[in-house]
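Down below is the structure, laid out as structure tokens.
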Amino acid sequence: MAAKSIHTKLFGRALLSFPSRTLYRSSHTPSTMTSLSARIVIRAANRELEVPTGLFINNEFVPSADSPNDLIHLVNPATEENICSVAAGSVKDIDIAVTAARKAFNTTWGKNVTGFERSKLLNKLADLIERDQDILAEVESLNNGKPFKIARDFDIGDSIQCLRYYAGWADKITGQTIEVDNKTKLAFTRHDPIGVCGQIIPWNYPINMWAWKVAPALACGCTIVMKPSELTPLTALMLSKLIVEAGFPPGVVNTIPSLGSVGGAALSMHMDVDKVAFTGSTVTGRKVMEAAAKSNLKKVSLELGGKSPQLVFESADLEQAANWACLGILYNTGQDCTAGSRLYVQDTIYNKFVSLLVSKAKELVIGDGFDEKSGGGPLVSKTQFDKVWRYIESGQAQGAKVALGGQKRPGKGFFVDPTIFTDINANMDIVRDEIFGPVLAVGRFKTEEEAVSLANDTSYGLGAGLHSNDANQCMRVSSALEAGTVWINQYNLLNNNVPFGGKKQSGIGRELGSYALEEYTSVKAIHWNFGEKLDWPL
Amino acid sequence: MPSTFTHEFNASAFKGKVSFNTGLFINGQFLDGSDNTTIDVINPTNGKMTTSVSEGTPKDVDLAVDAAQTAFDTIWGLHAPGAQRSILMSKLVALMKKNADELAALEALDNGKTFNWARNVDVAGSIDCIRYYAGWADKITGQVQETTEDKLTYSRHEPIGVVGQIIPWNFPLLMMAWKIGPALACGNTVVLKPSEFTPLTAIRMCHLINEAGFPPGVVNVVTGYGNTVGNAISSHMKIEKVAFTGSTLVGRKIMEAAAKSNLKNVTLELGGKSPNIIFDDADIEQAVNWAAFGIFWNHGQTCTAGSRIYVQEGIYDEFFKRFMEKTRSLKVGDPFAPDTFQGPQVSEIQFNRIMSYIESGKAAGAKVEIGGERHGSEGYFIKPTIFTNVDPSMKIVQEEIFGPVCVVIKFKDEEDVIKQANDTFYGLAAAVFTQNLNRAINTAHRLRAGTAWINCVNSFNSNVPFGGFKQSGIGRECGDYALTNYTAVKAVHINLGHRM
């Protein structure tokens, strides 16, 4: 199975057994506030635990200020059973959280704290997440559906690294001194924290996207109002508890589970939010940017959708290319913004490669995330399940050939098996639109030029992959592909120190690496005159 | 056939004849607009027509974008090495130097600023800016990130592609240089819209761009109105980036259009209501000179204009007396007269807008200490104007006037003034005058502004970043910071041995 081999390669340790039965107790949730937490059961792990379900403002879990009866009901996508309900934040709650974040920025965070101190707290947070990785992974698996081991070793393992990476940056934020005139003037720049940041994250990697957003913002000294997805808010709330335990001052991180149309819109429109970072669909990203333009011209970074191409050239190691192609489209059950959902194969190797690809894709087991055999879980929700099936049906109706999958499973759970279409053309919906499921469209090309033109024929520009053993070709094609990330003889593996983001309509700005620091700093140029006398009038 | 503008300058500052085609500049050629219409260019000193230039339409923007895309795909962008881009930019610099007086004269005629200022700041600054970015063209670097030995990862800072640039009328040539300098250095192609009020130097530059040998389509200039050409650029599906300098009102529309169309990247350099803070321990003569320069330079038509002057109570009376004397000494008049400091405002619209602010200040109970009325009987001249007795709720304290109008306000201490200075939704610039090192640094650091000047105002350098906090903008121009506005970062992950 694809992910397993990556796992052993990247993390180099044996798969751990499921955790033993222990209760997850919190020292931070007073027993009198029972309505602000829920007990949930992880059957597969024989574990019962208490999770926070309130809004997290000023380091406390609180009910909604004006709509305490509005709840968001969470569903286990593998069983369709209810997990629990969490408070649904209102516009007013966002206001209260922004006020808390502003106060923290002006008094205990931002320029009031040293980079060294921010670094220590971020490292502490990483330690706590590492300590709680099993519990966090269980809840991530329960709520999102992804396999427990993948949640722990990839989503959480990578999140810990991400926090540590930015902990290292916190005391290394530097401006420039600029030589202007050695006799009269010195200029220098300060990279100030922007201020209060709204962060809106998706449901496909709830913990990992939390880390990508929180780590650089805190390293730079910003304060945060975080809106997790209404589908998967539990782990963000659990991480909020660790924020308190790590010792972050109240108000530095606030978490408001809320619907996008309520909390997301309120953050994007807010007059006292200085920056909004969003990961999600292009449709919503557009609304976030419009709201920023109409309100206070807050800075915007967007990490949006994709319809990423993978090119397989005749010189490629076909076995390896097929493995990476499977990882590209099937990892996280295709719920991945960089999903390599269009695969173009050179005609000389087309038949051989497609049969290899189908046989490998078939080997992936999509099942309950707590089943050890599962390499992929269900889709996150009924809405996503229906959407993906509409695309599969449209592919069939528009004349593409089903080479694998295409049949609904009986029973409960939002499971969709790997699906491969061939005989596609450029006008089909399955070739043009982001499906966000394990659905691959396979086409063919004759020449390198044709491959590049097919690959770039999209309004998106997030990821792209190419498989070839011709070094010159690798350089030519990687240069010509219009995408923020290009993988050569690989796919879907990211590194915290390498920038990530979209060209064209896949986004604005870059996350990860030193590049993300630019998204959370505001440059101030200081011009210091120490010798120029101004004659007047001139 | 687009008309040719011919003019004989006969001022002591510059004598000579200019003559050039005033068409749209698309794919290296001068063309009529697709509707065959023209825009009248008005001389702000007398309200009379100077000439007319071709008017662009959204259809012309399409043509320009096609030309720019073709150039990007064939002879510019990744097809022109940085060294080659640098050489062409250096040639342009040489031609600008050769024609510097003519460019300054055109700017003075068109905008109303004095020939001397145009020559010494606008033209000199533009030359310096293009020269500065010519030096960057072959120094665009990405990073190589260390990951593992079986993987090579690097980032390329590629040119974005076709970029739209919309520039204002207050520094027509200089804003063109700030925009095209970094864009061309990074390998982008350009569709630029100059202001309909001041298109002459941009059009003249197109002739120099051809003469320098830039391939056709690399720079295109579509003169036109904001609601037609500007809107077409910001909502264009094939323009991947738009850069705008102008009002916050229009900047907002541009960002909205970008969001609604193809999510193009946006940089905005917008308005300001910049505070100028003078502490008791300032060098008073220098503070007076800089304060006057801060607000009255370029007739107050400067986005960083130091329009709110805060003076500490211990020095207030003396400062105010000297500031009045200084203001009284400013000569308003013919831009080509050698002793003129201030020319006319750029247009009748601006003139009326500024006068209505002055009226609103008077009506709200502020006191006009000097000025407050037009100068002369023709053209758009306004006397340098100082208001006192203001309160923070007045429009003249809150809003950008973009004219030679300032308010002078007394303050008590550092806390008091920082609070007042930051009480604005703008955050473009701020200035501090003091001889105390700690106070200078502390105040400069606490001001919420993209530029903080210490013991100077309105002093710019091509290598120092410039841009706004809060609603004064998004992104930074100038310096190496501007390169990030014109590059798209691509991360390339190469697998060298990691078997799946």
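Small disclaimer: the values here were computed from a predicted structure and weren't measured. Proteins get letters first, then strands, A, B, ... in listed order; numbering begins at 1 in each.
When each of B/Asn455, B/Asn262, B/Leu152 is checked for heavy-atom pairs under 4.5 Å with chain A, B/Asn262 comes out on top. Among B/Gly450, B/Gly479, B/Cys456, the residue making the largest number of heavy-atom pairs under 4.5 Å with chain A is B/Gly450. Across B/Cys478, B/Ala488, B/Gly251, B/Ala449, the residue that shares the most heavy-atom pairs under 4.5 angstrom with chain A is B/Ala449. Most heavy-atom pairs under 4.5 Å with chain A, from the set B/Glu240, B/Glu146, B/Met255: that is B/Met255. Among A/Glu319, A/Glu179, A/Met289, the residue with the largest count of heavy-atom pairs under 4.5 Å with chain B is A/Met289. Considering only heavy-atom pairs separated by less than 4.5 Å from chain B, the leading option among A/Ala187, A/Pro499, A/Ala525 is A/Ala525. Of the listed residues (B/Lys326, B/Lys264, B/Lys253, B/Arg156), the greatest number of heavy-atom pairs within a distance under 4.5 Å of chain A belongs to B/Lys326. Counting heavy-atom pairs closer than 4.5 Å to chain B, the top residue among A/Asn489, A/Val523, A/Ile508, A/Asn296 is A/Val523. Your options are A/Asp274, A/Leu481, A/Leu494, and the one with the most heavy-atom pairs under 4.5 Å with chain B is A/Leu481. In terms of heavy-atom pairs under 4.5 Å with chain B, the best-connected choice from A/Lys111, A/Glu482, A/Met271, A/Lys185 is A/Lys185.
For the residue pair B/Ser155 and A/Tyr515, the shortest heavy atom distance occurs at OG-OH, 2.7 Å. Minimum interatomic distance between B/Asn265 and A/Gly507 (heavy atoms only, all atoms of both residues): OD1-O, 4.1 Å.
Within the 4.5 angstrom heavy-atom criterion, no atom of A/Ser459 approaches chain B. Neither the backbone nor the side chain of B/Phe425 has a heavy atom closer than 4.5 Å to any heavy atom of chain A. For a residue to count as touching a neighbouring chain, one of its non-hydrogen atoms must lie under 4.5 Å from one of that chain's; by this rule B/Ala444 touches chain A with backbone and side chain alike. Only the side chain of B/Leu268 comes within contact range of chain A, judged by heavy atoms closer than 4.5 Å. Looking at B/Asn116, there are no atoms closer than 4.5 Å to chain A (heavy atoms on both sides), in backbone or side chain. Interface remark: B/Val266 contributes side-chain atoms only to the contact with chain A (heavy atom separation under 4.5 Å). For B/Ala292, the parts lying near chain A are the backbone and the side chain together; criterion is any non-hydrogen pair under 4.5 Å. Looking at B/Phe466, there are no atoms closer than 4.5 Å to chain A (heavy atoms on both sides), in backbone or side chain. Only the side chain of A/Asp192 comes within less than 4.5 Å of a heavy atom of chain B; its backbone N, CA, C and O stay farther away. If you measure heavy-atom distances from B/Glu256 to chain A, the contacts under 4.5 Å come from both the backbone and the side chain. For a residue to count as touching a neighbouring chain, one of its non-hydrogen atoms must lie under 4.5 Å from one of that chain's; by this rule B/Ile494 touches chain A with backbone and side chain alike. B/Leu270 touches chain A through its side chain: at least one heavy atom from C-beta onward sits under 4.5 Å away, while N, CA, C and O do not. B/Glu285 does not touch chain A: none of its heavy atoms, backbone or side chain, sits under 4.5 Å away. B/Thr153 touches chain A through its side chain: at least one heavy atom from C-beta onward sits under 4.5 Å away, while N, CA, C and O do not. At a 4.5 Å heavy-atom cutoff, A/Phe500 makes no contact with chain B through either its backbone or its side chain. Contact annotation for A/Val300: only side-chain heavy atoms (C-beta onward) come within less than 4.5 Å of a heavy atom of chain B. With a threshold of 4.5 angstrom between heavy atoms, B/Asn120 does not approach chain A through any atom at all. Heavy-atom distances place the side chain of A/Leu302, and not its backbone, under 4.5 Å from chain B. For a residue to count as touching a neighbouring chain, one of its non-hydrogen atoms must lie under 4.5 Å from one of that chain's; by this rule B/Lys151 touches chain A with the side chain only.
For B/Ser459 and A/Asn529, the side-chain atoms include no donor-acceptor pair closer than 3.5 Å. If you check the side chains of B/Asn458 and B/Thr304, you find a donor sitting under 3.5 Å from an acceptor. Between the side chains of A/Glu511 and A/Ser301, not a single donor N or O lies within less than 3.5 Å of an accepting N or O. In the model, B/Tyr481 has a side-chain atom that pairs as donor or acceptor with a side-chain atom of A/Thr189 under 3.5 Å. Side-chain polar atoms of B/Asn485 and B/Thr267 form no donor-acceptor pair below 3.5 angstrom. No hydrogens or angles considered: a donor-acceptor pair under 3.5 Å links the side chains of A/Lys298 and A/Ser295.
Within 6.0 Å of the NZ atom in B/Lys331, the count of heavy atoms belonging to other residues, nucleotides or ligands exceeds 12. Around the CD atom of A/Glu532, the shell of radius 6.0 Å holds more than 12 heavy atoms that belong to other residues, nucleotides or ligands.
Using a 30° and 60° split on the angle between ring planes, B/Phe293 and B/Trp117 fall in the tilted class, from 30° to 60°. Ring planes of B/Trp297 and B/Phe460: tilted class, angle from 30 to 60°.
Annotation: side chain of B/Pro404 is in contact with side chain of B/Gln342 (closest heavy-atom distance under 4.5 Å). Under the 4.5 Å side-chain criterion, counting only non-hydrogen atoms from C-beta, A/His467 is in contact with A/Gln310.
Between A/Arg510 and A/Glu519 there is no salt bridge, since no side-chain nitrogen of the basic residue lies less than 4.0 Å from a carboxylate oxygen of the acidic one. A salt bridge links B/Arg499 to A/Asp317: one of the charged nitrogens lies within less than 4.0 Å of a carboxylate oxygen.
With respect to A/Leu462, the side chain to side chain contact (heavy atoms under 4.5 Å, CB included) criterion is satisfied by exactly one of A/Lys504, A/Gln505, A/Glu303: A/Glu303.
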